[in-house]
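Data block below; observations after.
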Amino acid sequence: MSNKFYITTTLPYINSEPHIGFAAEIIKADVIARYHRFLGKEVIFNTGTDEHGLKIHRKAQEKGLDTQVFCDQMSQSFKDLKELLNLSYDRFIRTTDKNHVEAAQKFWQICADNGDIYKKKYAVKYCVGCELEKTESELEDDRCPLHPNLELEIIEEENYFFRWSKYQDKLEAFYSKNSGFVQPGFRFNEIKSFVKSGLRDFSISRLREKMPWGVPVPGDNSQVMYVWFDALINYISTLGWPESQEFKDFWPGLQVAGKDNLKQQSAMWQAMLMSSGLKPSDKVLIFGFLTNEGQKISKSLGNSIDLKELISKYGSEAIRYYLLSAISTYNDGDFSESRLKEVYNADLANGLGNLSARLANLIEKEELSLKLEFNPKAEITLNFKRLMDEYKLQEAINFLWQEVDKINEYLSREAPWKETDKEKKALILKTAAIQLVNISDLISIFLPETGKKLFSQFKAEKIKKAESLFPRL
RNA sequence: CGCGGGGUAGAGCAGUUGGCAGCUCGCCAGGCCCAUAACCUGGAGGUCGCAGGUUCGAGUCCUGCCCCCGCAACCA
């Protein structure tokens with residue numbers, strides 16, 4: 001197995017502030033990255049911001065800002081998540097970065113040289129909301145059914161197209177050879193049937209005079225790249241492609257995305273990689289969406305969750321725990337503040353928090369000297385790995401909490417506070433502490449701060465009661 | 001016949017290859033008294049959406065049907 005591991009999130013489009021859904025995605029990616037570091041691998045974990053396109057340009061204009069200034073501000077807001085959510089990414093690429101722009105142009109050139117980019121004159125109705133041209137069959141009453149409030153724009157111009165259709169067979173062959181390529185399985189089925197139903201070449205450029213905010217098409221000053229074409233390339237430009245050892249060492253990698261990105265990640269991008277002669281991605285994980293208190297998250301409903309406020313209220317560890325353990329990794333889930341509190345009290349305060357206080361207190365009174373070490377061969381670790389290797393994050397974290405329960409059960413059963421034999425008492429406490437130490441290191445994959453605290457508390461020569469890990473709410 | 005997800009205890013959800021229906025919260029009754037009013041044990045509460053089929057055996061596989069929700073702006 002390679003000692004190098006590369007993982008990347010999708011790049012969020014920066015026309016609004018980061019929200020809970022993206023937080024869920026990047027936290028899951030963070031857990032996977034930490035897991036691979038835990039396995040001793042050298043990891044690159046990439047995220048960043050997608051900054052081109054008409055919507056962003058217009059948004060900046062609305063605010064009376066220079067587009068780059070607007071992008072700088074929004075991008076910073078996403079960068080802030082690193083501290084706020086305790087993320088461990090080590091790359092943050094912006095699609096307006098110079099090296100990305102150059103890589104996108106190089107990539108384009110290679111696809112063009114391979115005959116996969118051609119110019120076509122066409123007149124089409126274009127929906128600004130989708131950033132997509134619409135065919136007649138997609139329209140209802142001459143309006144985009146997805147954005148009925150927006151007037152369609154008629155685009156009559158010569159644009160560049162990518163020969164997606166050429167890759168249909170290759171994609172299908174690739175899918176059938178790589179049975180776990182997209183996870184979960186039902187998403188894989190979805191994309192397979194989509195590709196099977198036929199691919200149509202898609203437009204990958206816009207006239208610069210109409211849409212100035214994009215990567216210039218090499219050799220044609222009148223056109224800029226369509227936002228999706230350039231954005232996908234970030235997954236390799238961040239590794240220094242085309243000229244870098246790092247790219248050779250780390251590509252291909254694991255990509256994670258929300259379910260709205262299924263086509264782009266697992267079919268469009270893979271075809272683009274095939275065209276440029278690069279290896280397809282290693283794997284694509286597709287996560288579900290969140291609702292807020294049972295309702296679809298939307299600004300018009302005024303129910304978008306203020307992520308920063310939430311974090312300052314409950315702390316990143318609680319948010320991480322909730323998103324990872326109480327919400328399905330791959331299915332849609334619901335975010336509810338009352339549920340968050342419930343889970344916090346049950347699992348963090350009464351569960352892990354109380355247990356660590358309970359055990360530390362018992363040991364402190366006995367003045368034991370334990371000097372415990374994490375044991376990577378413990379059965380717990382092996383069972384845990386089995387789940388993590390299949391990216392069953394929710395099952396893995398819940399498995400750890402079952403182990404927390406077992407320690408509580410063990411203590412109640414053995415009742416060391418009643419034991420009069422000093423040696424027996426010490427053995428009971430040591431047994432419990434060893435289990436907790438083993439779990440702590442695994443917990444730090446999900447809750448880095450908590451893991452660190454537990455580890456330093458229970459690895460110390462003199463275990464002492466510390467400040468409450470998770471005070472009850 | 002557009003694509004997809006879902007309908008399992010009062011609420012929220014798990015159920016991998018078909019093998020005695022589970023978890024968390026809440027509720028009831030005990031226990032413990034080391035710990036954060038915590039922890040442990042037991043209990044009540046389900047015709048697993050409906051109707052068929054395959055099977056020794058179906059929440060799980062097959063067929064049909066009913067209902068809910070995404071695939072609309074913002075957005076993963």
Side-chain angles (χ1 to χ4, degrees), chain A residues 9-26 28-29 55 59 127-130 137-138 140 143-150 184 186-187 189-191 193-194 197 256-263 286-291 294-304 325-328 330-334 336 338-339 341-343 345-366 387 390 392 394-395 398 401-402 405 407-419 425 429 465 467-473:
Chain A
T9 65
T10 50
L11 300 194
Y13 201 58
I14 55 169
N15 53 355
S16 73
E17 291 289 322
H19 67 108
I20 194 84
F22 180 64
E25 175 182 329
I26 199 166
K28 286 173 208 172
K55 272 191 274 190
K59 190 101 179 188
C127 173
V128 180
C130 303
S137 64
E138 289 176 305
E140 275 173 20
R143 281 176 176 263
C144 170
L146 313 183
H147 303 86
N149 53 324
L150 294 176
F186 65 85
R187 293 291 169 213
N189 290 340
E190 192 175 341
I191 195 64
S193 69
F194 172 78
S197 73
V256 303
K259 66 179 181 181
D260 61 333
N261 252 273
L262 177 65
K263 272 184 216 173
I286 301 290
F287 302 137
F289 272 15
L290 290 179
T291 50
Q295 280 191 309
K296 196 181 165 199
I297 295 172
S298 81
K299 281 188 179 165
S300 64
L301 287 172
N303 71 340
S304 73
S325 85
I327 287 172
S328 165
Y330 299 102
N331 289 320
D332 291 351
D334 183 49
S336 135
S338 60
R339 182 86 184 128
K341 283 185 197 166
E342 188 181 298
V343 167
N345 277 331
D347 296 348
L348 297 180
N350 299 348
L352 183 62
N354 179 60
L355 172 67
S356 66
R358 184 186 196 192
L359 191 54
N361 189 55
L362 286 166
I363 293 173
E364 186 178 356
K365 281 189 206 157
E366 285 307 302
L387 294 170
E390 293 178 48
K392 294 180 173 173
Q394 188 190 20
E395 283 185 58
N398 289 340
W401 256 259
Q402 283 169 25
D405 286 345
I407 300 175
N408 264 328
E409 287 163 26
Y410 175 77
L411 286 176
S412 294
R413 199 176 338 117
E414 301 296 332
W417 51 90
K418 275 202 247 174
E419 183 58 61
K425 190 172 189 173
L429 295 177
K465 203 169 171 181
E467 220 176 291
S468 184
L469 268 184
F470 298 103
R472 276 182 66 87
L473 293 178

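In what follows, every chain begins at residue 1, and chains take the letters A, B, ... in the order their sequences are listed. Values below: all heavy atoms of this structure, side chains included; hydrogens, waters and symmetry mates excluded.
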Query raised in the report: What dot-bracket string describes RNA chain B from 5' to 3', counting Watson-Crick and G-U wobble pairs whose defining distances are under 3.5 Å, with [ ] for crossing pairs and | for pairs to another strand?
Result: .((((((..((((.....[..)))).(((((.......))))).....(((((..]....))))))))))).....
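Every residue meeting the side-chain hydrogen bond (donor to acceptor under 3.5 Å, both in side chains) condition with N261(A), not counting sequence neighbours, appears here in chain and number order: Q265(A). Shown here are the side-chain hydrogen bond (donor to acceptor under 3.5 Å, both in side chains) partners of E395(A), two or more places apart in sequence or in another chain: there are none. Under the side-chain hydrogen bond (donor to acceptor under 3.5 Å, both in side chains) criterion, R358(A) pairs with N408(A), S412(A), not counting sequence neighbours. Every residue meeting the side chain to side chain contact (heavy atoms under 4.5 Å, CB included) condition with I327(A), not counting sequence neighbours, appears here in chain and number order: L290(A), Y322(A), L323(A). Remark: F186(A) engages P184(A), N331(A) in a side chain to side chain contact (heavy atoms under 4.5 Å, CB included) (not counting sequence neighbours). The ring pair (Phe, Tyr, Trp, His ring centres under 6.0 Å) search around W401(A) returns Y321(A), not counting sequence neighbours. Applying the side-chain hydrogen bond (donor to acceptor under 3.5 Å, both in side chains) test to N345(A) and every residue at least two apart in sequence or in another chain returns nothing. For F289(A), there are no ring pair (Phe, Tyr, Trp, His ring centres under 6.0 Å) partners, not counting sequence neighbours. Checked against side chain to side chain contact (heavy atoms under 4.5 Å, CB included), A415(A) has the following partners two or more places apart in sequence or in another chain: W417(A), K418(A).
You'll find the side chain of E414(A) stays beyond 4.5 Å of the side chain of E419(A), heavy atoms only.
One cannot find a donor-acceptor pair under 3.5 Å joining the base of rC39(B) and the side-chain atoms of R358(A).
If you take atom P in rG64(B) and the same atom in rC20(B), they sit 29 Å apart, rounded to whole Å.
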Restricting to nitrogen or oxygen on both sides, can you table the protein-nucleotides 2-5 of chain B pairs closer than 3.5 Å?
residue: rG4(B); atom: O2'; partner: R187(A); partner atom: NH1; Å: 3.2

Query raised in the report: For nucleotides 23-32 of chain B, read 5' to 3', which letter fits each nucleotide if B means a protein heavy atom sits under 4.0 Å from the base, S means only the sugar-phosphate is that close, and - means neither?
Result: --S------S
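Within 4.0 Å (heavy atoms only), L290(A) reaches at least one base atom of the nucleic acid.
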